[in-house]
Amino acid sequence: MLSVENLAISFGGLAALRGFSVEVAEREIVALIGPNGAGKSTVFNIVTGLERPASGRVTFLGKDLLAMVPHAIARCGIARTFQNTEVFRQLTVLDNVLIGCHAHLSAGALRGALGLPAVGREEAAARETAHALLARLGLDDHAGVEARALPLGLQKRVELARALAAEPRLLLLDEPAGGLNPTETRALMGLIVRLRDERGLAILLVEHDMEFVMSISDRVAVLNDGRKIADGKPGAIAADPGVIEAYLGREDD
Ligand SMILES: Nc1ncnc2c1ncn2[C@@H]1O[C@H](COP(=O)(O)OP(=O)(O)OP(=O)(O)O)[C@@H](O)[C@H]1O
Ligand SMILES: [Mg+2]
């Protein structure tokens, strides 16, 4: 479904990626792990069109993503969340999710859905979709609350709901469990697997929580210093001496 080949990119002389490749198949959950600064978020930024690599190829369902601008990439069926949770803080939870529906709404219908009573059929459908998503993610009690009033765990859910509202086929999650407590983290693990099962989503996620990664991923790719040093099933990755040396065995983990 997604094919990332041989990416290279530098920032002011620092090589952030040096020939990185990864693939994600339909309905697959792939984790991208590695030390801080390894280049994980940069891969997401390239796939979503926010950064342009010096070389390499990125295709999604056969389409060349490097030739597209971010909103066109989103329309192809790719949605993401950010490492530093990015919600519209002064908008309500419902409006945050309605903005995620924009891929399927005309500008007029989006304006209507956000501001005024829903009159058009398109707006009404978007509101229905948004409410269903809020219910699915356990956010229905917070629909009318400003996003900034919510604790981080719920803001992360709002961001996830907004990404899902675009009805993606591939979801990129950058540290979805970052800052969550163990109970929230476990709930999120179950939710991600169910979303894959229910919606047939493919998921590429970056995460430092190894229990999270090892229990929900079909495959794990390990990035170190801009290069992929391993790619395989969670059990094989956890036992890989090179991975332990570069990442898993570090004292601060
Ligand atoms: N826009 C940018 N400008 C300059 N340097 C950047 C930029 N984006 C990333 N970098 C640098 O590229 C390297 C890789 O960054 P990246 O954010 O991809 O790492 P990461 O694997 O996501 O790390 P972390 O686990 O800390 O989130 C880092 O050295 C980072 O400082
Ligand atoms: Mg990162």
Side-chain angles (χ1 to χ4, degrees), residues 2 4 7 9-12 14-17 20 22 24 29-53 58 65 70-71 73-74 78-89 91 93 96-97 99-100 137 139 147-148 150-166 168 170-182 184-189 191-192 195-196 201-217 220-228 246-248 250 252-253:
L2 177 73
V4 168
L7 293 184
I9 188 170
S10 298
F11 298 106
L14 172 116
L17 293 172
F20 175 75
V22 73
V24 183
I29 299 179
V30 178
L32 189 51
I33 66 170
N36 294 119
K40 306 178 298 293
S41 296
T42 300
V43 173
F44 279 20
N45 290 341
I46 291 172
V47 171
T48 54
L50 302 182
E51 302 277 6
R52 191 138 308 250
V58 181
L65 295 191
H71 75 263
I73 293 172
I78 299 181
R80 75 177 290 183
T81 63
F82 290 85
Q83 181 166 351
N84 300 313
T85 310
E86 293 192 10
V87 293
F88 297 103
R89 296 175 50 77
L91 295 185
V93 167
N96 266 276
V97 178
I99 283 178
L137 298 195
L139 290 167
R148 63 179 166 187
L150 296 177
L152 177 70
L154 291 179
Q155 287 192 19
K156 289 183 90 97
R157 286 218 169 198
V158 172
E159 200 192 21
L160 178 58
R162 188 180 64 204
L164 290 168
L170 171 68
L171 191 56
L172 307 178
L173 304 174
D174 199 345
E175 305 201 14
L180 299 190
N181 68 38
E184 291 171 326
T185 300
R186 263 193 306 280
L188 180 65
M189 284 162 58
L191 178 63
I192 289 176
L195 287 173
R196 185 270 303 275
L201 275 175
I203 296 170
L204 179 61
L205 63 94
V206 167
E207 184 49 63
H208 287 289
D209 181 326
M210 279 309 112
E211 190 195 332
F212 188 103
V213 165
M214 296 302 176
S215 37
I216 73 168
S217 307
V220 180
V222 188
L223 194 48
N224 188 38
D225 210 9
R227 289 193 181 86
K228 188 163 75 174
Y247 183 52
L248 295 178
R250 296 187 319 155
D252 56 359
D253 283 315

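Note that CD1 of Ile73 is 10.0 Å distant from NE2 of His71, once rounded to the nearest 0.5 Å. With values rounded to the nearest 0.5 angstrom, Leu164 atom CG is found 6.0 Å from Leu137 atom CG.
Looking at residues two or more places apart in sequence or on another chain, you find no salt bridge (charged side-chain N to carboxylate O under 4.0 Å, His left out) involving Arg227. For Ala15, the side chain to side chain contact (heavy atoms under 4.5 Å, CB included) partners at least two apart in sequence or on another chain are Ser10, Arg18. By the side chain to side chain donor-acceptor pair (under 3.5 Å) test, Arg80 pairs with Asn45, Thr48, sequence neighbours left out. Partners of Arg148 according to the salt bridge (charged side-chain N to carboxylate O under 4.0 Å, His left out) rule, which considers only residues two or more places apart in sequence or in another chain, are Glu146. By the side chain to side chain donor-acceptor pair (under 3.5 Å) test, Asn224 is found to be paired with no residue, residues two or more places apart in sequence or in another chain being considered. For the side chain to side chain donor-acceptor pair (under 3.5 Å) test, no residue two or more places apart in sequence or in another chain qualifies with Asp209.
Inter-residue side-chain proximity for Ile33 and Met210 is flagged as met; some heavy-atom pair is nearer than 4.5 Å. Here the side chains of Leu2 and Val58 are in contact, with some heavy-atom distance below 4.5 Å. For the pair His208 and Asn36, the minimum side-chain heavy-atom distance is below 4.5 Å. Looking at Phe212 and Glu175, their side chains never come closer than 4.5 Å, going by heavy atoms from C-beta outward. Phe44 has its side chain out of reach of Gln83: every pair of non-hydrogen atoms, C-beta onward, lies at least 4.5 Å apart.
Panel note: side chain Lys40, backbone Gly34; a donor-acceptor pair is recorded below 3.5 Å. Between the side chain of Lys156 and the backbone N or O of Gly178, at least one donor-acceptor pair lies under 3.5 Å.
In the displayed structure, Glu211 atom CD is contacted under 6.0 Å by at most 12 heavy atoms of other residues, nucleotides or ligands.
For the residue pair Thr85/Gln155, the side-chain donor-acceptor check at 3.5 Å is not satisfied.
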Worksheet entry | Verdict with reasoning, Leu17 to Ile46, per side-chain contact (heavy atoms from CB on, under 4.5 Å) | CA-CA 11 Å; Leu17 293 172; Ile46 291 172; 3.8 Å; yes
